[in-house]
Structure formats: structure tokens, C-alpha cells
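Everything below concerns the one structure shown next.
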Amino acid sequence: STGVREGTTIVQGRSALCAPPNFLQLFSLLLSTSLSCVTFPLPILFPQQSGLYEYKLFGGLADCTPKLCVDVYMDLNFRKQWDQYVEELHEKTYDGEKVIYWEVKYPFPLSNRDYVYIRECREMDVDGRKIWVVLAQSVSVPQCPEKPGIIRVKSYKQSLAIESDGKTGSKVYMYYFDNPGGMIPSWLVNWAAKSGVPAFLKDMQKACHNYSKTI
């Protein structure tokens, strides 16, 4: 048993997070795939009706243990230090639910985008193997209204599954989708995501190597 089923609720609350379509099959592939810690991320594209793509990506992070990867990914304050695209990032509690607000810098003349989302991290035992799963998705929160001059991203999902590569690094599976809205052509959004998602993992790898120096 993989311990993860499609439709499995990961977050309990007003806006439950569920595993995305085909997560079970891709999660199983992660478990069975042997990836070198120097493997470049492998993007798999799934077209949507909007003309945008979902991205499912496999890769390796050298000399970054799964626990370290998760700690870095979940640390919002540290994210402000290593992610050059963060304009504002914080977590607050509304009606008993932890919600993250994230404003992302966009290059001129494009407007910045912001996200309001929930996330959850679980450590899972899969036939004796430790798998860390992090799920996030956008939500609508009245206490976080849209701001003038900033475009709200209302459709955002991201999932991570991380396990040891058997050495000193990690195998990583990422599912990612967002619709940035506005008047940006879909081909440009897809191009940016195709290059940006793998680049994010490389930046995260550098952040992991520097994390122990900051705590």
C-alpha cells in the first residue's frame, strides 16, 4: 500500500486539500524510480482547457536530506532570504485556520501577483520508507481581499513528495499548477513555468545547503 489514495484528504478544515489527479500513479512511480542525486528535473506537461499546463516533475537534490528539504520549504521567514521573487510572505490564522499570504514580484511592466493559500505537511510511512508529503492550494478568505495593482491568483495547487535517495540526498516529485490571470499569453506563462519550476528546485537546493548556517 502506498498510503496515499486519489482524493485522500490531507488537511482537515473548511478547505480540505486532496491529492491531485493521477497522484497515486505518480507517487508510486516516485517510489520505484531510481534517481541520481545529480539528476536534472524532468518536467511532464499536461495541457488544460485554458491553454495552460500542469507540471509534474521529478528530480534529485544532492546532499539535501528529506527532512532538511521539508524544513527549508516550510520555513516562510527563510524563504524571504533565498527567494528573490518574494515581495511579501506571512502566515496568519483566520477562523481557526492557518492561511498564507504570498506576493510575488513580476518584471516590469507586468503587475505583481499574490496568492492566498493553505498547506499541510505530513510524514508518512510507506512499507518502512519515510515519505514527506506537502500539499498546498489556493483558498478564498474574506479577511484577505484583493489589493489595487496586484492580480490575485485564484487557481493554484502545488504538491511535493520527498524521500531519501539512499545516500545523502533526496528524490523529489513536484506537481504544480497556477493560472496567473491578467493578459499574459498562455504560451508565455507555459514558457515561464517550464523554466521556473526546475529553477525553483535548484534554488531550493542552494537554500538547503545554507540553511544550517542561519539556525
Side-chain contact test, heavy atoms from C-beta onward, threshold under 4.5 Å: evaluate it for [X] versus [Y] and give yes or no.
X	Y	answer
K130	S164	no
D71	K67	yes
V172	L160	yes
Y175	K157	yes
Y173	E163	no
Q143	D95	yes
L135	E120	no

Taking the basic N atoms (NZ, or NE/NH1/NH2) and the acidic carboxylate oxygens, is any pair closer than 4.0 Å for D75 and R79? no
Testing the basics here: between [X] and [Y], what is the closest heavy-atom pair and its distance to 0.1 Å?
X	Y	result
M124	V133	SD-CG2, 3.5 Å
C121	W132	SG-CD1, 4.5 Å
G169	P66	O-CD, 4.1 Å

Given K171 and D165, is the salt bridge (Lys or Arg N to Asp or Glu O under 4.0 Å) satisfied, shown in steps? CA-CA 5 Å; K171 294 192 298 183; D165 64 359; over 6 Å; no
Could you tell me whether the side chain of [X] and the main chain of [Y] form a donor-acceptor pair under 3.5 Å?
X	Y	result
S170	L61	no
N112	Y106	yes
R119	Q158	no
H209	A62	yes

Do the side chains of V116 and I151 join up, straight or via other hydrophobic residues, at under 4.5 Å, putting them in one cluster? no
Enter the distance from [X]:[atom1] to [Y]:[atom2] here, rounded to the nearest 0.5 Å.
X	Y	atom1	atom2	answer
E103	E87	CD	CD	5.0 Å
F177	S138	CZ	OG	9.5 Å
N210	Q205	CG	CD	11.0 Å

Check whether more than 12 heavy atoms from other residues, nucleotides or ligands sit under 6.0 Å from atom [atom1] of [X], and answer yes or no.
X	atom1	value
K80	NZ	yes
K147	NZ	yes
K154	NZ	no
Y85	OH	no

Under the criterion side-chain contact (heavy atoms from CB on, under 4.5 Å), I'd like the reasoning laid out for Y101 against K92: C-alpha separation, chi angles, the key distance, then a yes or no. CA-CA 8 Å; Y101 176 83; K92 292 186 178 181; over 6 Å; no
Tell me every residue that passes ring-ring contact (aromatic ring centres under 6.0 Å, His included) with Y73, counting only those two or more places apart in sequence or in another chain. none
Contacts of Y115 that satisfy ring-ring contact (aromatic ring centres under 6.0 Å, His included) - sequence neighbours left out: W102, Y156
What verdict does the side-chain contact (heavy atoms from CB on, under 4.5 Å) test give for Y211 and L68, after you've listed the backbone C-alpha separation in whole Å, the side-chain angles of each residue and the deciding distance to 0.1 Å? CA-CA 8 Å; Y211 192 57; L68 176 59; 3.7 Å; yes
With sequence neighbours excluded, tell me which residues meet salt bridge (Lys or Arg N to Asp or Glu O under 4.0 Å) with E91. none
